[in-house]
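Data block below; observations after.
Keep in mind that what you see is a predicted model, and the values were worked out from it rather than measured.
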Amino acid sequence: MSFLEALLVGLAEARRHLGQTLLSLLGLILGTASIVTVLALFGGQTKQTQQFVAEVGGAGTVIVRDREQSQQLSATELASDRMTYEDAEYLKDNATTLSAVAPGWAPTMRYQAGDRDFPGQVIGTTPDYAIINDIRPMVGRYISDLDVRRRARVLVLGWKFADSLFGHPEAALGKLVRLDGKAFTVVGVLEREVFQFAVWSGNALEYRNERAYIPITTAFALYMGTETRIAFLTLRAATPTGARAATEQVGSMLFLRHGVEDFDITPSGAGANDDAQFFLLFNFIFLVVGVISLIAGGVVIANILIASVVERVREFGTRMALGATGMQIFAQVLAQVVVIAVLGGLAGLGLGAALTGTVAILMRMPAAVTVEIATVAIATSLSVGIVAGLYPAFRAARLSPVEALRYG
Amino acid sequence: MSLINAHGITKVYRLGRVDVPALRGVDVQVEQGEYVAITGPSGSGKSTLMHILGCLDSPSDGEYHLDGADISALRGRALARIRNQKVGFVFQTFNLMPRMTIDENVALPLQYRGGFSRRERLKRARALLERLGLGDRIGHRPDELSGGERQRVAVARSLVGEPAMLLVDEPTGNLDSKAGAEVLRTFREVHNAGNTIVMVTHDMHVAAEAQRSIHIADGKIAA
Ligand SMILES: Nc1ncnc2c1ncn2[C@@H]1O[C@H](COP(=O)(O)OP(=O)(O)O)[C@@H](O)[C@H]1O
Ligand SMILES: [Mg+2]
């Protein structure tokens with residue numbers, strides 16, 4: 001008897017007892033459905049994170065931050081000027097792996113316009129910042145090279161602050177805003193930036209709407225005297241895949257200039273998703289439920305198969321008398337479990353797809369069951385079935401024909 | 001040379017620490033085309049002897065040649081092959097597969113032999129069923145047939161692989177006398193067509209069907 005024929009017999013068996021088969025496969029179905037759902041949702045989340053990274057400037061964006069200083073400073077740490085505007089200029093002129101360099105000076109200041117008055121972040125930077133971070137003005141313009149050279153007292157407002165200060169963003173253009181008492185003219189208001197990881201979570205890019213940008217040279221001149229320390233550097237690698245090379249070059253250049261590694265270099269968008277933890281937990285729960293269901297399903301299948309083997313001892317004895325070898329009996333039982341495992345896998349795949357669809361709609365996530373996921377699902381349930389079927393099949397194959405006929 | 005040539009066959013079953021001798025030195029010879037009954041009281045060792053002659057089990061000691069081949073040393077897979085090619089079994093309880101049609105049942109030995117298409121197997125099975133007067137039952141399942149008809153399906157199954165002999169264990173034990181007579185008539189026809197039959201029975205009337213009887217008592221040939 002060929003394995004294919006055994007498969008057909010198994011299929012006929014499963015069809016004859018459809019309700020019973022489905023019931024015995026419940027664990028396998030639920031397990032497969034959970035695995036399908038978790039994989040599809042995970043795929044959706046990964047896609048979303050990629051979208052977010054693209055939104056905040058793309059994969060080629062790198063950020064350099066001042067490193068937290070230790071309690072007791074070493075001599076080299078004390079000798080370092082930390083990150084300065086000059087570092088930015090140096091990198092712009094010398095780092096071959098970079099296409100754009102923007103320094104950032106980022107204190108919290110007092111915003112005043114008319115009767116509005118609140119504290120908020122101010123970024124002192126250069127025109128490259130808009131290129132690197134994919135920032136577009138809604139009205140007016142961004143900071144220009146001329147602004148930087150002339151130390152112009154101009155200001156570009158984030159959408160939310162423009163709204164808070166002037167009631168409506170377009171109205172801000174040309175108005176005066178005081179930052180810690182010094183007056184600036186609004187030359188641009190930025191587009192509103194929105195990105196939601198989940199329906200219930202807030203706007204992950206809201207911080208970008210709640211700030212204003214001024215030329216970094218103006219910032220130093222008005223607020224810092226002769227000091228040119230900056231809080232961060234944002235860099236754009238020359239090629240989209242060049243972030244790694246850029247990180248290495250910038251790291252060694254800054255180390256040579258500082259004499260100490262008092263900075264941290266990270267790719268942009270990393271760890272930006274505050275909901276990632278929640279999703280991880282969510283995925284984990286689904287995965288645990290899936291694995292437990294699969295194990296339970298496997299145990300149930302093994303038990304049912306053993307019972308079915310015991311019930312059919314005389315059948316196996318008869319088949320052996322007719323010339324079936326142990327291998328053929330083994331294949332017969334295994335084919336039976338292969339059939340029901342594939343059926344269970346398909347049912348689980350259907351249920352998982354329905355679950356994924358529901359979650360995707362409810363959470364507005366781009367989750368989808370792909371061919372790869374479907375393959376993994378069927379392969380998983382098939383493996384569970386085969387593992388569960390090995391022992392019962394072995395038991396059937398090892399029956400002594402005489403005993404099977406005599407006591408069956 | 002005889003079809004069945006068994007010498008000094010013993011079979012000892014081990015029950016815990018106790019040895020139970022079921023056969024103690026049995027010689028059996030059956031010629032090609034013979035119809036032989038093995039008789040004896042219950043527990044005398046008839047079924048044990050039949051299992052050994054049918055290559056379902058190996059003797060503890062003794063020599064057994066079937067159709068010229070030395071069987072005593074064979075185990076597992078090799079025995080399965082011999083069973084499939086040389087032996088056709090008929091059991092007291094019919095032992096048909098309840099979820100297969102009777103033609104599928106009859107075709108089963110050919111499936112294990114290999115080398116036949118499903119079409120070919122079913123064609124042969126149906127031809128045999130026709131020959132045994134069960135043509136109008138083709139496509140039915142065993143539970144749709146009477147006991148006598150089921151046993152005749154089992155006879156068809158035992159014949160489909162054209163074995164060297166039929167081994168039959170109490171074929172009428174589960175049948176009323178009318179159905180039993182019907183089955184015995186079938187065996188007579190099968191024998192007349194040239195087949196060798198070895199039939200185990202404790203029923204003297206059934207044994208009278210055969211050309212000769214081998215009587216067993218307490219694991220030995222008795223006269
Ligand atoms: N598997 C076994 N284990 C132990 N004893 C057995 C086994 N099979 C048969 N016997 C014993 O061997 C003897 C012969 O049994 P059996 O061949 O079935 O006799 P019969 O078919 O003539 O009734 C009996 O005493 C029986 O109890
Ligand atoms: Mg018996």
Side-chain angles (χ1 to χ4, degrees), chain A residues 1-21 305 307-336 339-340 393-408, chain B residues 11 13 22 47-52 54-59 75-101 104-118 121 141-142 154 157-161 163 167-169:
Chain A
M1 178 150 67
S2 73
F3 196 68
L4 185 71
E5 269 169 318
L7 280 178
L8 290 176
V9 172
L11 193 61
E13 282 289 284
R15 210 181 45 202
R16 238 184 301 270
H17 310 285
L18 194 61
Q20 201 185 325
T21 305
L305 270 183
S308 132
V309 164
V310 168
E311 203 174 276
R312 293 187 299 159
V313 160
R314 184 195 292 270
E315 175 195 320
F316 294 124
T318 306
R319 287 177 181 272
M320 286 170 166
L322 300 182
T325 61
M327 263 321 282
Q328 284 169 323
I329 298 292
F330 188 84
Q332 183 195 339
V333 176
L334 215 55
Q336 189 186 341
V339 167
I340 60 172
F394 179 72
R395 260 182 70 159
R398 281 284 307 272
L399 286 169
S400 129
V402 171
E403 310 258 308
L405 282 169
R406 200 186 280 269
Y407 302 107
Chain B
K11 182 69 185 180
Y13 288 110
S47 293
T48 303
L49 180 59
M50 192 191 103
H51 291 148
I52 290 170
C55 306
L56 279 167
D57 208 351
S58 310
R75 295 286 181 278
R77 212 184 150 78
L79 276 184
R81 197 165 175 71
I82 296 279
R83 286 196 296 271
N84 183 254
Q85 291 176 345
K86 308 258 185 216
V87 188
F89 283 98
V90 179
F91 303 98
Q92 178 173 352
T93 48
F94 323 138
N95 294 20
L96 299 174
M97 306 296 141
R99 285 186 281 272
M100 293 179 165
T101 63
E104 287 168 343
N105 263 285
V106 171
L108 206 50
L110 296 181
Q111 205 173 310
Y112 289 123
R113 184 164 309 176
F116 294 89
S117 69
R118 180 178 162 81
R121 294 194 309 254
R141 289 181 207 289
R157 182 177 66 185
S158 73
L159 287 168
V160 76
L167 273 183
V168 185
D169 195 356

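Scored by the salt bridge (charged side-chain N to carboxylate O under 4.0 Å, His left out) test, B:Glu104 finds B:Arg118 as partners (sequence neighbours excluded).
We find the CZ-CE distance between B:Arg77 and A:Met327 to be 8.0 Å, quoted to the nearest 0.5 Å. Rounded to the nearest 0.5 Å, atoms CZ (B:Phe94) and OG1 (A:Thr318) are 12.5 Å apart. Taken to the nearest 0.5 Å, the CG atom of B:Leu56 stands 10.0 Å off from the CE atom of A:Met320.
Between chain B and the options A:Gly317, A:Ser400, A:Ala321, the largest number of non-hydrogen pairs under 4.5 Å is found for A:Ala321.
Inter-residue side-chain proximity for A:Leu405 and B:Asn95 is flagged as met; some heavy-atom pair is nearer than 4.5 Å. Proximity of B:Gln111 to A:Leu322: side-chain heavy atoms (C-beta onward) are nowhere separated by under 4.5 Å. Contact annotation: the side chain of A:Arg406 approaches that of B:Thr48 to within less than 4.5 Å [non-hydrogen atoms, C-beta and beyond].
A pairwise comparison of heavy atoms in A:Thr325 and B:Ala80 identifies CG2-CB, 3.8 Å as the closest pair. When all heavy atoms of A:Ala324 and B:Arg83 are compared, the closest pair comes out as O-NH2, 4.0 Å.
Only the side chain of B:Tyr13 has a heavy atom closer than 4.5 Å to any heavy atom of chain A. At a 4.5 Å heavy-atom cutoff, B:Ser158 makes no contact with chain A through either its backbone or its side chain.
The number of heavy atoms from other shown groups lying within 6.0 Å of CZ (B:Phe116) is above 12.
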